[in-house]
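Each remark here refers to the structure printed beneath this line.
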Amino acid sequence: MNSDGIRPLLEVRDLVKHFKVGAGTVHAVDGVSFSIMEGETLGLVGESGCGKSTTGRVLIRLTDATSGSVTYQGQDILALNKPKMTAMRREMQIIFQDPFSSIDPRKTVGDTIGKPLYIHHIGTKREREERIDHLMELVGLSSRLYNKYPHELDGGRRQRVGIARALALSPRFIVCDEPVSALDVSIQAQILNLLEELQDTMGLTYLFVSHDLSVIKHLSNRIAVMYLGKIVELSPSLDLFKNTLHPYAQALLSAVPVAKLRRTRERIILTGGVPSPINPPSGCRFHTRCRHKTPICSEQEPRLLDAGNNHFVACHLAHR
Ligand code: SF4
C-alpha cells in the first residue's frame, strides 16, 4: 500500500530469470522488485540486453521465472496452474515491438483482432464481429480494413491492429514492449497519444518498456532504469529528469536531445561495452564503466534505497 492508502495492482518481489546457454548462465533478470499502482504507467528503460523486455514477459508468464513472486490483486500469478493462468490472461496482455512479426500474415485484420475472443470462447460469431468493429473504431482503424492482410497496411496501422488485439479481452494491465521503436518517428507520437487516450478512457495500467528515455518520459508516472538485470534507479518521472542520481541513468539522460533554448546538458559518453550477463561484474555491475567508481564499488553490491521522495537509487555514492 502506498502513502495514499492505494494498493498496487501488481507487486514484483525479487524476480529472477536466468537462461542456460551452453555451459554458462545468462543473468537476464537478477532480483528486481517494484510495484505498479492501478491506472499508473511504470516506464522500464535501459540498453538492449539489460533484461527489461524479459521482465515484462515474465510478469505475464510468456516465459517462466527462475524465482521470485509476481502478485496481481493478491494472487501470486507465478504459482497459478494452466487453467487459472488462462483465465488470468484476460486481465493481462502485451503489445509487441514489431507488429509485422507478431501478427500472422495469413490472417485478416478482423481475424487477428478477434482471435483472443475466439480462443476464450467469448460471444457468438455475430457478437464477436460487433466487438471487432468496436475495437477497430477505438484504435482509429477504418472498418474498410477489416478484410485486409498485414502486408497491405503501413507500420502504424499494423501496430493499431496489435493494440486492438491486446484490448479484445478488456484487460486491466498491459505490457507495452517497445511499442513504437519499429515505427517512423512521425507515427510514433500518434501511437503514444493513442495509448494515452486508451489509458484514460479504459483505466488501463501499463508497464512501458523502451530503450528510449524520451519515449518513456511521454507516458510514465514513474520510471525504473535497468542495467544488466538490476534496477539501478526508480523514481517519479519528473524527479528522474530533474535530479538524476545514478551515474548510468545520468549517461542515458545525457543522450536525450534537449530543446535549443533550454539548459544545455553535458553529453556523457560511456566507455567500454556492456559486460556479459553470463559473468556480470562483482559489486556494482556498472563499476566497469562508471567514472565515479571507488574501491568499494567492485566489492560490495549497492542496495536500491530511498534517497527521499520515493526516489530510489542503487549507488554507494548517492548514500554516503
Ligand atoms: Fe558508480 Fe560506484 Fe555508484 Fe556503481 S556504486 S554507480 S560504480 S559510484
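Note that these values count all heavy atoms, side chains included, but never hydrogens, waters or copies made by symmetry. Each ligand, and each atom within it, is numbered from 1 in the order the structure gives. Throughout, residue positions are numbered sequentially from 1 according to the sequence presented. Computed from a predicted structure; not experimentally measured.
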(request) State, yes or no, whether a side-chain contact exists between Ile36 and Thr41 at a heavy-atom distance under 4.5 Å. (result) no
(request) Please report which non-hydrogen protein atom sits nearest to atom 4 (Fe) of ligand 1, along with the residue it belongs to and the distance in Å to one decimal place. (result) Cys284 SG, 2.3 Å
(message) Would you say that Val175 contacts Arg57 through its side chain, given a criterion of any heavy-atom pair below 4.5 Å between the two side chains?
(response) no
(message) Please list, in number order, the atoms of ligand 1 under 4.0 Å from a heavy atom of His246.
(response) 6 (S)
(request) Give the residue, atom name and distance (to 0.1 Å) of the protein heavy atom nearest atom 2 (Fe) of ligand 1. (result) Cys297 SG, 2.3 Å
(request) Could you list the atoms of ligand 1 found under 4.0 angstrom from a heavy atom of Pro247? (result) 6 (S)
(message) Below 2.8 Å, can you find an N, O or S atom of His287 next to atom 2 (Fe) of ligand 1?
(response) no
(message) Does Lys217 qualify as a cation-pi partner of Phe241, given the criterion of NZ or CZ under 6.0 Å from the six-membered ring centre and within 45 degrees of its axis?
(response) yes
(message) Would you say CD of Glu299 has more than 12 non-hydrogen atoms from neighbouring residues, nucleotides or ligands within 6.0 angstrom?
(response) yes
(message) Among all protein heavy atoms in this structure, tell me which lies nearest to atom 3 (Fe) of ligand 1, with the distance rounded to 0.1 Å.
(response) Cys315 SG, 2.3 Å
(message) Could you check whether any side-chain heavy atom of Leu145 comes within less than 4.5 Å of a side-chain heavy atom of Lys148, counting everything from C-beta outward?
(response) yes
(request) Dump the intermediate steps for side-chain contact (heavy atoms from CB on, under 4.5 Å) on Thr25 and Phe19, then the final yes or no. (result) CA-CA 6 Å; Thr25 301; Phe19 297 98; over 6 Å; no
(request) Looking only at protein heavy atoms, identify the closest one to atom 5 (S) of ligand 1 and say how far it is in Å. (result) His316 N, 3.3 Å
(message) For atom 1 (Fe) of ligand 1, what is the closest protein heavy atom, and at what distance to 0.1 Å?
(response) Cys290 SG, 2.3 Å
